[in-house]
Amino acid sequence: MARLDDLSSYLIAPDPAADRLTRAVTGTDQTGAPIDLRVIEERPLTIYLNSQEIVTAMTIGDYPQYLALGFLRNQGMLRADDTVTGIDYDEELETVVVRTASKTTFEDKLRKKTRTSGCAVGTVFGDMMEGLAGVTLPDMPLRTSDLYALAATINRTPSLYLSAGAIHGTVLCQGARPLVYMEDVGRHNAVDKIAGWMHHHNIDPADKLLYTTGRLTSEMVIKTALMGIPALASRSGFTAWGVEIARDIGLTLIGRMKGQRFVCLAGEQRLIRDADPTSIPDEPARAGRKAAT
């Protein structure tokens, strides 16, 4: 699959060549022949809310301010009406401090936790589920022609996911245009970076779609809903609880998006089927994206 040369549609696009995101290592392949690879770096980032240490996240290290801001927003520790007076990042200490104008009350409820980089849920606080009670998502129609166009663009965009593997990507989209593409070792981190960017720039979520390379789990559905985004799509599959929550809260949920195919398990009534699937080029059988070469 040819790589995309024109990244002008993106407000933020991946930068696979950025310093500190990968490291060169040597090894041998299945035949014993030497091989050179670039592998993903991961490093700790400790997030503070005012004077309280909240969590340590394992991350690739880019956009730490957005990650911290989005994590606090998605966990309900930072409300929409809280005034953020500063976000201070110290690269040497690997810490980021989010400061607010008024005292926040969420810090005292927490114990220190480490948020893992694996594909499991990571650190999720119970307040996230409670926050869904007041969520009402827009009844946004979704054109299948836009879905196909997004998949074609995103899957050809140069990224760490394509070049090194072992990483997840999440993309904020509007119509057929991908806007912000974030990557990290955990899909939860990638989503939080987008949430932080949206909060910082006061972005309206009502007409947006979130695309992820990872599974459509309960955590992904909850975070998408808490961000106010009415649709979530992925190349990957679903979990039963993720589908159940999406149906309960009115979120459009689309998975297994590969070539001509996709599956919609929530929000089917919002789909506008304006594209003939047979006119869409199917992905070759060997077109897997995780290509650590």
Side-chain angles (χ1 to χ4, degrees), residues 11-15 18-23 40-118 120-125 127-128 131 160 167-172 179-203 210 212 219-220 222-224 226-227:
L11 300 176
I12 297 179
D15 184 6
D19 292 339
R20 301 180 72 246
L21 299 186
T22 61
R23 181 192 309 175
I40 298 296
E41 289 275 16
E42 58 178 335
R43 48 180 53 86
L45 178 71
T46 301
I47 298 171
Y48 285 78
L49 179 56
N50 295 313
S51 61
Q52 175 63 49
E53 180 179 342
I54 302 298
V55 72
T56 296
M58 296 306 297
T59 175
I60 61 175
D62 65 343
Y63 302 105
Q65 294 92 335
Y66 289 151
L67 174 57
L69 189 59
F71 175 82
L72 296 172
R73 282 287 291 128
N74 279 338
Q75 299 295 342
M77 300 176 201
L78 194 64
R79 297 181 298 269
D81 58 353
D82 283 327
T83 300
V84 176
T85 58
I87 307 177
D88 303 321
Y89 171 57
D90 190 311
E91 182 176 346
E92 184 175 350
L93 296 178
E94 298 179 314
T95 61
V96 59
V97 181
V98 177
R99 305 184 189 280
T100 58
S102 57
K103 180 178 174 57
T104 52
T105 60
F106 294 99
E107 301 96 320
D108 295 336
K109 298 194 302 182
L110 305 177
R111 298 175 182 175
K112 181 179 178 181
K113 295 179 182 286
T114 298
R115 197 178 187 214
T116 65
S117 62
V121 169
T123 296
V124 180
F125 299 102
D127 288 346
M128 288 183 68
L160 289 170
I167 200 164
H168 286 284
T170 301
V171 190
L172 181 68
L179 301 174
V180 175
Y181 190 152
M182 294 292 191
E183 296 184 282
D184 215 301
V185 284
R187 57 183 173 269
H188 37 266
N189 286 347
V191 175
D192 286 344
K193 289 176 186 176
I194 288 180
W197 180 86
M198 292 179 68
H199 182 71
H200 182 74
H201 295 283
N202 195 28
I203 301 299
L210 201 65
T212 176
E219 181 193 21
M220 289 297 296
I222 292 169
K223 287 195 172 189
T224 303
L226 291 177
M227 293 161 67

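Just so you know, residue 1 is the first one in the sequence shown, and it goes up from there.
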Validation row: [X], [Y] side chains within 4.5 angstrom (heavy atoms):
| X | Y | answer |
| --- | --- | --- |
| Ile60 | Glu42 | no |
| Trp197 | Leu69 | no |
| His188 | Glu219 | yes |
| Thr100 | Leu49 | yes |
| Val98 | Tyr48 | no |
| Ile40 | Leu21 | no |

Which heavy atom in [X] sits nearest to a heavy atom in [Y], and how many Å separate them?
| X | Y | answer |
| --- | --- | --- |
| Arg99 | Asp88 | NE-OD2, 2.7 Å |
| Met227 | Met198 | CE-SD, 3.9 Å |
| Leu45 | Pro64 | CD2-CB, 3.9 Å |
| Asp184 | Ala190 | CB-N, 4.0 Å |
| Asn50 | Ser102 | ND2-O, 4.3 Å |
| Ala57 | Asn189 | CB-OD1, 4.3 Å |

Which value, rounded to the nearest 0.5 Å, describes the distance between [X] atom [atom1] and [Y] atom [atom2]?
| X | Y | atom1 | atom2 | result |
| --- | --- | --- | --- | --- |
| Lys223 | Ile194 | NZ | CD1 | 11.5 Å |
| Phe71 | Leu78 | CZ | CG | 11.5 Å |
| Leu11 | Tyr181 | CG | OH | 15.5 Å |

>> Does this structure show an ion pair linking Arg20 with Asp62, if we count only N-O contacts that are shorter than 4.0 Å?
In response: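 No, this pair does not count.
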
Residue list, side-chain hydrogen bond (donor to acceptor under 3.5 Å, both in side chains) with [X], at least two apart or on another chain:
| X | result |
| --- | --- |
| Glu41 | Arg23 |
| Tyr66 | His201 |
| Arg43 | none |
| Asp15 | none |

>> Under a 3.5 Å distance rule, please check whether Lys193 uses its side chain to pair with a backbone N or O of Tyr63 as donor and acceptor.
In response: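 Answer holds: no.
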
> Out of Thr59, Thr170, Asn74, which residue meets the side-chain hydrogen bond (donor to acceptor under 3.5 Å, both in side chains) rule with Asp192?
Replying inline: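 The residue from Thr59, Thr170, Asn74 that satisfies side-chain hydrogen bond (donor to acceptor under 3.5 Å, both in side chains) with Asp192 turns out to be Asn74.
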
> Taking only residues two or more places apart in sequence, or in another chain, which ones meet Ala80 in a side-chain contact (heavy atoms from CB on, under 4.5 Å)?
Replying inline: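 side-chain contact (heavy atoms from CB on, under 4.5 Å) list for Ala80, sorted by chain: Arg73.
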
Which pairs would a plain distance check flag for residues 90-97, meaning a side-chain donor or acceptor within less than 3.5 Å of a matching protein atom at least two apart in sequence or in another chain?
residue : atom : partner : partner atom : Å
Asp90   : OD1  : Glu92   : N            : 3.0
Asp90   : OD1  : Leu93   : N            : 2.9

